[in-house]
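Below is one structure, written out as structure tokens, with a few remarks after it.
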Amino acid sequence: MTPLQGMRRASIDGQRNEGDSLFPLAYSCDQDTVTLDQFTGWVSESRDDLLALASQHGALAFRGFPTPTVEDFDAFIQALNLDNFPYAKSLSNAVRINRTPRVFSANEAPPDVKIFFHHEMAQTPLYPKYILFYCEIAPQSGGATPLCRSDILYAKLAEQCPEFAAKCESTGLRYTNVMPGIDDAQSGMGRSWHSTLGVKTKAEAEARLGELGYSFQWLADDCLRATTPQLPAVMETSPGKKTFFNQLIAAYCGWKDERNDPSDAIRHGDGTKLDPEAVKVAVELAEQLAYDHQWQAGDIVLLDNTVAMHARRPFTGTRKVLASLAEMRTHAFDAVG
């Protein structure tokens, strides 16, 4: 990869050294030495190398580049030449607002709501290979986006809780959540079933759920309880390298609002309850391994969603962190594999 004049590898607060890998791998530059066209041209030319580095390290961070606007972030995304995964086509349960066809708000949940570690959309049959984050406005305090290498977490979990790790791998997981009839922006999981499923009527919702293999139940107040089919909890990203690819921590700890109870949100694929002590170990490991990205305006973070989990810390002040999804993938539980 040919370096861009004025750009350099950077040290960043909290950066972790995981063996031979920095997490995240960070780049910086002086804005007056590089134009946006030069930056996006370099991104386009270096595309394959950048994606390989994101997978190797888990995440790439860019700070100090000429990207002060959402449109500049969009130009960065387009330079990577990745297939767009429109939020409207996702099955995510968060309320989000589009700013461009590729860029939307990361989450509209209130500032005091903590969003726990998760792999984006691992609780659905559809997920993005890559996530890109961008800071438009940095918060007054708090509001970091914690990142965690899920391959390292799984290796440590398998050492400390081998039976639990083995059961997660052998049976997978099922997730249950209750969706409202209209978007509830006061909840971190308040996206309506109309929006989530891309439908207008209950009949269309039932047909879509059938296609996806979900079971469901209609509730009062136009709410819909849906349970996923058996989904993988562990992913082999390369021979011998496994990641804890799921939403176990987020569902068990954070899927709580006036409609949802975390104790009902997740089960092993065979229907049995999770071992709370083992889940506690997973939660503690994620925090021990976390890198907290403290946002500065204009920052961009490129995440390989199959390698690294992310979360959100509560914050004060105005925080505008935007996101984009790319390269839709599908997964299903293989009882033989």
Side-chain angles (χ1 to χ4, degrees), residues 85-98 104-128 131 133 143 145-146 148 173-199 202 205 208-209 212 214-229 231 233 244-267 274 279 282-283 286 303 305 309-315 319-325:
F85 184 175
Y87 186 72
K89 292 187 177 181
S90 78
L91 298 170
S92 173
N93 49 20
V95 176
R96 296 172 179 174
I97 298 171
N98 270 87
F104 47 83
S105 55
N107 197 298
E108 291 296 310
D112 61 340
V113 173
K114 177 180 179 179
I115 299 174
F116 291 85
F117 276 111
H118 60 284
H119 285 279
E120 190 69 20
M121 301 179 199
Q123 84 285 17
T124 82
L126 312 175
Y127 68 90
I131 310 172
F133 291 109
T145 294
C148 172
L173 296 166
R174 295 181 190 271
Y175 305 85
T176 298
N177 78 295
V178 177
M179 295 173 274
I182 57 174
D183 284 349
D184 176 8
Q186 296 305 304
S187 168
M189 49 183 303
R191 192 181 183 194
S192 73
W193 57 264
H194 297 275
S195 175
T196 302
L197 300 173
V199 299
K202 288 186 175 181
R208 178 64 172 148
L209 290 168
L212 295 167
Y214 283 55
S215 59
F216 62 89
Q217 178 186 4
W218 291 104
L219 305 176
D221 299 323
D222 201 31
C223 291
L224 173 63
R225 176 186 287 119
T227 299
T228 69
L231 292 172
F244 200 49
F245 185 76
N246 55 61
Q247 285 224 2
L248 185 152
I249 294 173
Y252 196 93
C253 299
W255 284 15
K256 184 176 183 179
D257 59 16
E258 64 182 20
R259 294 169 298 277
N260 289 277
D261 179 349
S263 66
D264 294 328
I266 188 168
R267 293 280 192 277
L274 306 184
V279 173
V283 173
L303 198 69
N305 184 45
M309 294 188 285
H310 65 280
R312 189 193 79 173
R313 307 291 189 200
F315 62 93
R319 176 188 188 269
K320 289 192 180 296
V321 173
L322 307 175
S324 181
L325 308 178

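In what follows, residues are counted from 1 in the order of the sequence shown. Values below: every heavy atom of this structure, side chains too, minus hydrogens, waters and symmetry copies.
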Inset, instruction - Report yes if the side chains of D222 and S192 come closer than 4.5 Å at any heavy-atom pair, otherwise no. - result: no
Inset, instruction - Inspect the surroundings of CD1 in I182 and state if more than 12 heavy atoms from other residues, nucleotides or ligands are less than 6.0 Å away. - result: no
Inset, instruction - Check C253 against V283 and note the closest heavy-atom contact, atom names and distance. - result: SG-CG2, 3.7 Å
Inset, instruction - Return yes if some donor-acceptor pair links the side-chain N/O of H119 with the main-chain N/O of N246 below 3.5 Å, else return no. - result: no
Legend entry - Student check: side-chain heavy atoms of S90 and R191 closer than 4.5 Å: yes
Legend entry - Flag, side chain of S105 to backbone of I97, donor-acceptor distance under 3.5 Å: yes
Inset, instruction - Kindly indicate whether the side chain of T196, heavy atoms from C-beta on, has any atom under 4.5 Å from the side chain of L224. - result: no
Legend entry - Heavy-atom check, side chain of P111 versus side chain of R319, under 4.5 Å: no
Legend entry - Shortest non-hydrogen separation from N305 to P128 and the atoms involved: ND2-O, 2.9 Å
Inset, instruction - Check step by step if side-chain contact (heavy atoms from CB on, under 4.5 Å) holds for Y214 and T124. - result: CA-CA 10 Å; Y214 283 55; T124 82; 3.9 Å; yes
Inset, instruction - Please round to the nearest 0.5 Å and tell me the distance separating atom OH of Y87 and atom OG of S324. - result: 13.0 Å
Inset, instruction - Starting at CZ of R313, measure out to CD1 of I115 and round the result to the nearest 0.5 Å. - result: 11.5 Å
Inset, instruction - Give me the ring orientation class for W193 and W218: parallel if the planes are under 30° apart, tilted from 30 to 60°, perpendicular past 60°. - result: perpendicular
Inset, instruction - To the nearest 0.5 angstrom, please state how far the OG1 atom of T176 sits from the CG atom of D261. - result: 11.5 Å
Legend entry - Contact summary for A251 and A265, nearest pair of heavy atoms: O-CB, 3.7 Å
Inset, instruction - Give a yes or no answer on whether the side chain of R96 reaches the backbone of F104 with a donor-acceptor pair at less than 3.5 Å. - result: no
Inset, instruction - Report yes if the side chains of L197 and L91 come closer than 4.5 Å at any heavy-atom pair, otherwise no. - result: yes
Legend entry - Spatial distance of atom NE2 (H118) from atom CZ (F244) [nearest 0.5 Å]: 14.5 Å
Legend entry - Donor-acceptor contact below 3.5 Å, side chain R225 vs main chain L219: no
Inset, instruction - Using modelled atom types only, decide if a donor and an acceptor are shared between the side chain of H310 and the backbone of C148 within a distance under 3.5 Å. - result: no
Inset, instruction - Apply side-chain contact (heavy atoms from CB on, under 4.5 Å) to the pair L173 and R267, showing each step before the final yes or no. - result: CA-CA 6 Å; L173 296 166; R267 293 280 192 277; over 6 Å; no
Legend entry - I266 side, atom CD1; L274 side, atom CG - distance, nearest 0.5 Å: 5.5 Å
Inset, instruction - Assess whether atom NZ of K202 is packed by more than 12 heavy atoms of other residues, nucleotides or ligands within 6.0 Å. - result: yes
Inset, instruction - Quick one: pull up CG in L322 and CZ in F133 and give me the separation to the nearest 0.5 Å. - result: 10.5 Å
Legend entry - Shortest non-hydrogen contact between P180 and G190, atoms and distance: CG-O, 3.5 Å
Legend entry - Short side-chain to backbone donor-acceptor contact, T228 and Y175, under 3.5 Å: yes
Legend entry - Nearest atoms (heavy-atom pairs only) where E120 meets S92: OE2-OG, 4.1 Å
Inset, instruction - Measure the shortest side-chain to side-chain distance between F116 and K114 over non-hydrogen atoms and say whether it is less than 4.5 angstrom. - result: yes
Inset, instruction - Walk me through it: do V178 and M189 pass the test side-chain contact (heavy atoms from CB on, under 4.5 Å)? - result: CA-CA 9 Å; V178 177; M189 49 183 303; over 6 Å; no
Legend entry - D184 and R259 ion-paired at < 4.0 Å: yes
Inset, instruction - Indicate yes or no for a side-chain donor-acceptor contact from N260 to the backbone of W255 under 3.5 Å, with no hydrogens or angles considered. - result: no
Inset, instruction - Determine the minimum heavy-atom distance between A109 and R312, stating which atoms define it. - result: O-NH1, 3.4 Å
Legend entry - Test side-chain contact (heavy atoms from CB on, under 4.5 Å) applied to I131 and L325, step by step: CA-CA 5 Å; I131 310 172; L325 308 178; 4.2 Å; yes
Inset, instruction - Inspect the surroundings of CG in D221 and state if more than 12 heavy atoms from other residues, nucleotides or ligands are less than 6.0 Å away. - result: no
